[in-house]
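Keep in mind the model is a prediction, meaning the values are calculated, not measured. Computation of the quantities below employed the complete heavy-atom set of this structure, encompassing side-chain atoms and omitting hydrogens, waters and symmetry-equivalent molecules. Counting convention: from 1, in listed order, for ligands and their atoms alike.
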Amino acid sequence: MVSRIISVDPFDFVAFGGTGDLVRRKLLPALYQRDRDGQIEDPTRIVAVARSPMTRQAYRDFAREALIDHIDQDEREQATLDRFLDRLHYVKVDATGDAGWGDLAAVLDEAPDRIRVYYLATSPDLFGEICRRLGQAGLVTEASRVVVEKPVGKNLASARTVNDAVGSVFDERRIFRIDHYLGKETVQNLMALRFANSLFEPLWNAAHIDHVQITVAETLGVEGRAGYYDTAGALRDMVQNHMLQLLCLVAMEPPAAFEADSVRDEKLKVLKALKPIRDGQVSDLTVRGQYEAGASANGPVKSYAEELGRSGSRTETFVALKAEVANWRWAGTPFYLRTGKRLATRCSEIIISFKSIPHSIFGGARVQRNELVIRLQPDEGVKLHLMIKDPGPGGMRLRRVPLDMSFAEAFGVRNPDAYERLVMDVVRGNQTLFMRRDEVEAAWTWIDPILEAWGQAADTPRSYRSGTWGPSAAIALIERDGRTWHEDGV
Ligand code: BG6
């Protein structure tokens, strides 16, 4: 099946942090794929900006390497590759000094009316400064927009500072706060599942749903990102943004339209309804962990402390917590969230666990709950676990089986990377899948007390062996309530 590609107007894509990891791993491959599919029109340019001196040819070589590393060989046709590399420019700019801004202006002024996307793939400390200098250099035109990567701030106060600084140069409708989870196909499918079907919505509430689980498990460690990661930790890196956004999409009321502010208004209401986890409850409702050495599918792996190069860090690489959305729809329904690095398998999924039947007519036979499993990665798809009669003679035995819809099998298409969709949305000026300022700040309002309590606690994160499902306290967190974490692939 081939989806219809609607091309976007030509644009200048200015990537600050142009030689960094994000540009190399995600942005160049995403732009390449969109170009390959014919969605990008001439004379679109990609202008990489960074501190080091580099010729245009050297940057093209850098980009070619990046594409070799991140794009399958059969998707790298010579002509497509050449056309894409031809779009690339490089400008040396000092983000915190005066050097280079004039050179950048000279390149961009060749097309003053073209759509400009300023993508800040830099350390968040630079967001405000870069925006200020873009403004000063007269580079913020009517058709300009800015994309900021997460984390926006380290807590509510610093998020406000960043938002103020960016907002003093770009108005809110031109600020695209990216959360790449919202660009994942299955995450968007969650909205289709809920709001394009009449089946689930009547059951989508505390009366019929026992609890919700959201797991984002990674097998990778922090590797080359230890410097950043140690200042963040899993709560800031994953929960404040990706996991809370997933929670919002599960819990929100139906928006009036699939349109930026309608969707974001509903997500904001969920964030504001999150029951605060107060100081005294933090140890009951949250678990943080840090990985020790252990095993992965590729052999032995180091501990977090070894990857970081020092011991004594109190940064968490695992979080499990129990949240509650205190409103009419959800009161009393726990949302269990769990994320961590170096866990047993890579798997991100949302489990909607329906209530048990009120009475069994089947005597002693075990009747398990219905579960809807929305699988983000790998093997994107949706499974609805139902009880059926075990086939064959021999009486009434029951078994739980999944109605299984694997998207790869169903549609047989390449699953685009989240950045492909999101970058095109920026060019189109569609903010539906981006976070509005008030959302980011509401998320920090809920996260801050947990961070503060952890900061003051005498204890350190619980250690867990790499290749396991995290500290045993995370299992106890859910089992105390008579529930268990959904087992991968079951
Ligand atoms: C990023 C985090 O936002 O998301 C990383 O900073 C994490 O630490 C990554 O590994 C996970 O994204 P994905 O798409 O691989 O699930």
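- Note on ring orientation: taking the six-membered ring where Trp is involved, the planes of F200 and F354 are parallel (angle under 30°, cut-offs 30° and 60°).
- Not counting sequence neighbours, the partners of E266 by the side chain to side chain contact (heavy atoms under 4.5 Å, CB included) test are M252, E253, P255, K269.
- Side chain of K150 to main chain of D237: a donor-acceptor pair is present (N/O by atom type, distance under 3.5 Å, no hydrogens or angles).
- Around ligand 1, the residues contributing at least one heavy atom under 4.0 Å from the ligand are K150, H180, Y181, K184, E218, R225, D237, M238, H242, K341, R346, Q377.
- For K302, the NZ atom sits in a loose shell: 12 or fewer heavy atoms of surrounding residues, nucleotides or ligands are nearer than 6.0 Å.
- More than 12 non-hydrogen atoms from other residues, nucleotides or ligands lie less than 6.0 angstrom from CZ of R76.
- Counting non-hydrogen atoms of other residues, nucleotides and ligands closer than 6.0 Å to CZ of R36 gives a total above 12.
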